[in-house]
Amino acid sequence: MHDIRFIRENPAAFDAGLARRGLDPLSAEIGAQDAQWRATSTAVQESLARRNEASKAIGAAMARGDAATADALKAEVATLKTRLPELETEEKALAEALQARLAAIPNLPAPEVPEGPDETANVEQHKWGTPRSLNFAPQDHADFGPALGLDFEAAAAISGARFAALRGQMARLHRALGQFMLDMQTGSNAYEETNPPLLVRDEAVYGTGQLPKFAEDLFRTTTGHWLIPTAEVSLTNLVREQILAEAVLPIRMTALTPCFRSEAGSAGRDTRGFIRQHQFEKVELVSICTPEQAADEHEHMLQSAQGILEALGLPYRRMLLCAGDMGFSAAKTFDLEVWLPSQGVYREISSISTCGDFQARRMNARFRPEGEKGTRFVHTLNGSGLAVGRTLVAVLENYQNADGSVTIPEVLLPYMGGMTELTPKL
RNA sequence: GGAGAGGUGGCUGAGUGGUCGAAAGCACCGCACUCGAAAUGCGGCGUGCCCUCACGGGUACCGUGGGUUCGAAUCCCACCCUCUCCGCCA
């Protein structure tokens with residue numbers, strides 16, 4: 001959510017930021033809406049002031065038994081009240097329209113975010129690891145996975161497309177990955193383990209920015225709850241409507257949760273394999289901090305996510321997203337992309353964003369700066385550390401052997417109950 | 001699901017139609033006292049929005065949304081949440 005005062009005072013800068021996202025200028029239109037609302041609001045307040053004044057006088061008149069004055073004043077208020085309801089209705093409608101307008105505008109890119117319309121303009125910043133050289137043609141996990149327990153057919157019969165059942169050794173490896181990641185993030189990376197709600201209300205999804213614009217990407221229950229598309233929603237909203245002491249910041253949280261996405265608009269993309277599912281697990285990282293801490297927290301989060309890939313020995317690269325490729329709430333985003341040998345490309349496995357006070361404003365999450373009066377909005381950051389499903393794909397493909405087996409990465413061995421590889425079954 | 005109790009400022013907690021943005025206490029800030037501190041005394045101390053260059057003024061907010069009234073923290077309706085007991089349940 002944008003601060004209307006910022007738009008009022010810096011219309012040119014606001015429009016320039018929108019332009020970097022490829023959006024048309026809005027400040028003139030919003031400014032007009034704002035001016036109209038303020039004028040109406042002022043009119044309402046003036047009417048109320050007069051009413052309140054008269055009501056006090058009525059009270060005083062009645063106290064001294066002056067019924068005539070009281071009745072005269074009542075008549076005056078009565079006429080006032082014929083106009084007030086419509087003014088109030090108008091003011092409310094204008095305020096709501098303005099809020100709705102603001103709620104649908106994405107965050108502005110940070111100054112250092114590169115220009116560009118889409119992913120082709122993202123900037124590679126860092127590359128780690130070299131893809132294993134195989135003496136055979138790398139296979140697609142969708143092809144050799146089923147023999148290892150990745151069951152798409154049975155899941156399709158139960159739930160339809162974009163679902164999978166993991167069975168036996170495959171389920172074990174998947175669990176091992178999630179546990180390993182959670183252990184890393186709650187260990188030296190110092191994120192607090194959290195087990196949040198998976199079903200949330202409108203306000204929570206609005207707070208992180210998926211609503212009102214992206215309802216079609218979410219699943220909704222008959223009770224009106226939303227299934228979280230990412231634990232970012234639950235974790236970030238844990239501080240909603242709170243005023244935190246500065247001393248408790250930064251608050252670092254992590255959670256291993258299922259995520260649910262309708263994938264509306266993704267028809268035809270990644271239809272094979274485990275890359276794009278309606279349901280997947282992810283270890284999410286969230287940091288709630290002061291504006292001054294945000295840059296360091298962003299870096300720490302990056303290191304925390306990269307550390308998983310490095311520990312697993314998965315080659316990856318880090319991309320700084322250009323202005324046109326960022327998500328709705330982000331001010332600056334890094335994507336981590338993991339090497340997938342079957343496709344010969346790097347694929348997104350983590351997205352790590354700083355949102356400034358954009359989400360905090362929507363959630364009304366503030367802190368009390370020490371030695372300062374008043375409150376300020378916190379800054380929020382979120383990132384995947386990592387997407388477990390896609391990490392499973394990356395492990396399968398990068399550790400595949402010519403005979404269709406998959407070697408278990410060393411760091412996962414303590415989680416595998418003695419298993420050292422996945423063995424194909426016919 | 002049934003029955004009951006309750007949601008007031010950073011916290012505790014008064015307040016059942018007007019002068020209540022709201023007593024009191026705690027916490028916090030300033031001043032006094034003190035060599036210094038504690039204790040004590042005095043004063044201050046909510047948030048959003050609007051108007052104003054400013055000083056300042058107005059308005060809204062006592063869980064949320066409606067309603068009654070000249071006037072609502074206080075009365076009425078709906079909803080949300082918390083707690084207690086019963087039932088059910090992993």
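A donor-acceptor contact shorter than 3.5 Å links the side chain of A:Arg20 to the backbone of A:Ala110. Not a single donor-acceptor pair under 3.5 Å links the side chain of A:Gln359 to the backbone N or O of A:Gly207. The closest donor-acceptor contact from the side chain of A:Thr290 to the backbone of A:Gln293 lies under 3.5 Å. No donor-acceptor pair closer than 3.5 Å links the side chain of A:His379 to the backbone N or O of A:Glu292.
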Between N or O atoms, less than 3.5 Å apart, protein on one side and nucleotides 65-72 of chain B on the other: list the pairs.
residue: B:rG66; atom: OP1; partner: A:Lys92; partner atom: NZ; Å: 2.5
residue: B:rC70; atom: O2'; partner: A:Ser55; partner atom: OG; Å: 3.0
residue: B:rG71; atom: OP1; partner: A:Lys81; partner atom: NZ; Å: 2.8
residue: B:rG71; atom: OP2; partner: A:Lys81; partner atom: NZ; Å: 3.4
residue: B:rG71; atom: O4'; partner: A:Ser55; partner atom: OG; Å: 3.3

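The phosphate of B:rC81 has OP1 or OP2 within less than 4.0 Å of a side-chain N or O from A:Arg201. Residue A:Arg366 places no side-chain N or O under 4.0 Å from the OP1 or OP2 atom of B:rG46. Close to B:rC51, at under 4.0 Å from its OP1 or OP2, lies a side-chain N or O of A:Arg38.
Checked against the 6.0 Å centroid threshold, A:Phe14 and A:His2 count as a close aromatic pair.
Nucleotides B:rA3 and B:rA90 have their P atoms positioned 25 Å apart, rounded to a whole Å. Comparing the C1' positions of B:rC49 and B:rG44 gives a spacing of 25 Å, expressed to the nearest Å. When the C1' atom is compared between B:rG13 and B:rA24, the two are found 8 Å apart, to the nearest whole Å.
The residues A:Asp202 and A:Arg220 are annotated as salt-bridged, a charged nitrogen and a carboxylate oxygen being separated by less than 4.0 angstrom.
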